[in-house]
Protein chains: 2
Amino acid sequence: MTRPAPALLKPRKAPQQSRSAVTIAAIHEATIQVLLADGVGRLTTTRVAERAGVSVGTMYQYYPHKQALLYAIVDRQLQSIIEAMLTAADRLKGHDLASLARGLTTAWLDAKTADMVASRAIYGIAAEFDLTEVMKRTMDLMTQVIAELLAAAPDARLADVHGVAFMLMAMLGGAVRVVLEVQPSDEDLDRLRRELPRVCLAYLLSANEGAAG
Amino acid sequence: MTRPAPALLKPRKAPQQSRSAVTIAAIHEATIQVLLADGVGRLTTTRVAERAGVSVGTMYQYYPHKQALLYAIVDRQLQSIIEAMLTAADRLKGHDLASLARGLTTAWLDAKTADMVASRAIYGIAAEFDLTEVMKRTMDLMTQVIAELLAAAPDARLADVHGVAFMLMAMLGGAVRVVLEVQPSDEDLDRLRRELPRVCLAYLLSANEGAAG
DNA sequence: TCCGAAACTGAAGAATCCTTCATATCCTTG
DNA sequence: CAAGGATATGAAGGATTCTTCAGTTTCGGA
């Protein structure tokens, strides 16, 4: 998508006193709330400020424009997920396919549901401006990480490691996304948590067999 | 999400002369183009009219407001997908799990990629206002259809047919979505087409075994 | 306690955007 | 071919939204 201009997406200034940190947190929280309650279309600076209990001007003290605020929120969430996955990857390195299937799905679900509200809110802005770009980069990184795990698995004999990692990432990311997006019931979440590892493992074993010499 | 008001989402009037049909088609096409080129945020009535080569007023002759236009486009695409899937389901009824895995993924991918541009565009507005509602209903319907197919498969011995159908739908819908959303390369699409059936089949067999008496 | 910096305020300007409607043009049918 | 409905136009009103900035309040250190 050829969007407006990259613009300056960085925060305007960092908080120095503790009260401003509180303010920023309130703004973030308010943004997510408005996002979930009213949708992107009705996410206005005024509404966010109002719900955060601050004035509009305050927001503009930390972010040069609305986009920068949204970007900050998405970035924070993505970073948190990346971090969680990298930690999990570190722990899972060298484990067999079964452990990987279980470990990866658990880590992904944990990361996404830890702050489920934020996750759901973010799906809403993903389409806006150039967030696709950021999300694509994140997915590529995750795919890379998964590929390395697969390569290091003792019982793995995969012909196309990267291809399998790609599919795994698409399934994980996609399935969790569509489920979370529609305000899932507890039953739905349970099912996801129970079946997703099975899906991944079944696929891994199938791909492994198919490529066995 | 508590959104504005359901509003009247139906078209204002139906075309009677052939030229108006052409106009409507042009408006639809333009909407999708603007959506992909500029994103939801910059999708304005003026821009759409301009690209369609008509005046703004013309659009308001067929749709009471912008939302109705977007709704019409989403609805058309969803209906087309539903129809394709129902046709496929009809053909696949009574087939075994392997055929179902192959048939369902192929049908889904065909439906989504037939008008890939429209599909991608729609992912962008999905988050907006009450489209989540419509999409959820569509997904529920599809899940139901898949469940019936699974129940009718001769080699199926699934304990929780609905649960498996739910997962299958989440995987299909989700995986295809995340891949299409990021302007996939031909290689990505090939991979999806090649591996997705394998994923589904592997899962079905695994679930079938796990539940065998 | 007092002062300078940090943080906050919110009215108002500027920019969009949605929608209407009076008017003009194009078909079709009798 | 003339009349009447169907279709198209686009300037303008009304509403919303983003962003700024001059002025006020609060905090922290001296």
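These figures come from a predicted structure and were not determined experimentally. Letters A, B, ... mirror the listed sequences (proteins, then strands); counts begin at 1.
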Does [X] reach the main-chain N or O of [Y] with its side chain, forming a donor-acceptor pair under 3.5 Å?
X: A:Ser80; Y: A:Arg76; answer: no
X: A:Lys66; Y: A:Leu43; answer: yes
X: B:Ser119; Y: B:Lys112; answer: yes

Any chance the side chains of A:Asp188 and A:Ser185 put a donor and an acceptor closer than 3.5 Å?
yes

Classify B:Gln61 by what it touches in the nucleic acid, base, sugar-phosphate, or nothing, heavy-atom distance under 4.0 Å.
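Counting heavy atoms under 4.0 Å across all strands, the contact made by B:Gln61 includes a base.
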
Within the 4.0 Å heavy-atom criterion, would you say B:Tyr63 contacts the bases, only the backbone, or no part of the nucleic acid?
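Nothing: the residue B:Tyr63, judged by heavy atoms under 4.0 Å, touches no strand.
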
I'd like to know if B:Arg191 pairs up with B:Glu195 as an ion pair, taking the criterion as any Lys NZ or Arg NE/NH1/NH2 lying under 4.0 Å from an Asp or Glu carboxylate oxygen.
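Judged by the 4.0 Å cut-off on N to carboxylate O distance, B:Arg191 and B:Glu195 do not form a salt bridge.
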
Sequence neighbours left out, what passes side-chain hydrogen bond (donor to acceptor under 3.5 Å, both in side chains) with A:Arg51? Give chain and number order.
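Applying side-chain hydrogen bond (donor to acceptor under 3.5 Å, both in side chains) to A:Arg51 gives A:Gln33.
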
Results of side-chain hydrogen bond (donor to acceptor under 3.5 Å, both in side chains) for B:Tyr62 - residues two or more places apart only:
none

Roughly how far apart are [X] [atom1] and [Y] [atom2], rounded to 0.5 Å?
X: B:Asp38; Y: B:Thr44; atom1: CG; atom2: OG1; result: 8.5 Å
X: B:Leu97; Y: B:Leu201; atom1: CG; atom2: CG; result: 7.5 Å
X: B:Thr138; Y: B:Met169; atom1: OG1; atom2: CE; result: 9.0 Å

Report, as yes or no, whether the 6.0 Å neighbourhood of atom [atom1] on [X] holds more than 12 heavy atoms from other residues, nucleotides or ligands.
X: A:Arg193; atom1: CZ; value: yes
X: B:Arg194; atom1: CZ; value: yes
X: A:Glu83; atom1: CD; value: no

Strictly below 4.0 Å: does A:Ser55 bring a side-chain N or O up to OP1 or OP2 of C:dC8?
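It does not, given that no N or O in the side chain of A:Ser55 lies less than 4.0 Å from OP1 or OP2 of C:dC8.
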
Is A:Lys13 near enough to C:dA7 that one of its side-chain N or O atoms lies under 4.0 angstrom from OP1 or OP2?
yes

Considering only nitrogen or oxygen atoms on both sides, find all protein atoms under 3.5 Å from nucleotides 22-30 of chain C and state each distance.
residue: C:dC26; atom: O2; partner: B:Arg19; partner atom: NH2; Å: 3.4

Can you give me the first and the last nucleotide of DNA chain D (5' to 3') that has an atom within less than 4.0 angstrom of a non-hydrogen atom in chain A?
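So the contact region on DNA chain D extends D:dT17 to D:dC27.
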
Between A:Gly57 and A:Pro15, which has a closest nucleotide on DNA chain C that is more 5'?
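It is A:Pro15, whose closest nucleotide lies nearer the 5' terminus.
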
Extract from the structure each pairing of a protein N or O with an N or O of nucleotides 16-19 of chain C at less than 3.5 Å, listing the distance.
residue: C:dC17; atom: OP1; partner: B:Arg47; partner atom: NH2; Å: 3.1
residue: C:dC18; atom: OP1; partner: B:Lys66; partner atom: NZ; Å: 2.8
residue: C:dC18; atom: OP2; partner: B:Thr45; partner atom: N; Å: 2.9
residue: C:dC18; atom: OP2; partner: B:Thr45; partner atom: OG1; Å: 3.1
residue: C:dT19; atom: OP2; partner: B:Tyr60; partner atom: OH; Å: 2.6
residue: C:dT19; atom: OP2; partner: B:Lys66; partner atom: N; Å: 3.1
residue: C:dT19; atom: O5'; partner: B:Tyr60; partner atom: OH; Å: 3.4

Please work out which residues in residues 20-27 of chain A have a non-hydrogen atom less than 4.0 Å from an atom of DNA chain C and list them by number.
A:Ser20, A:Thr23

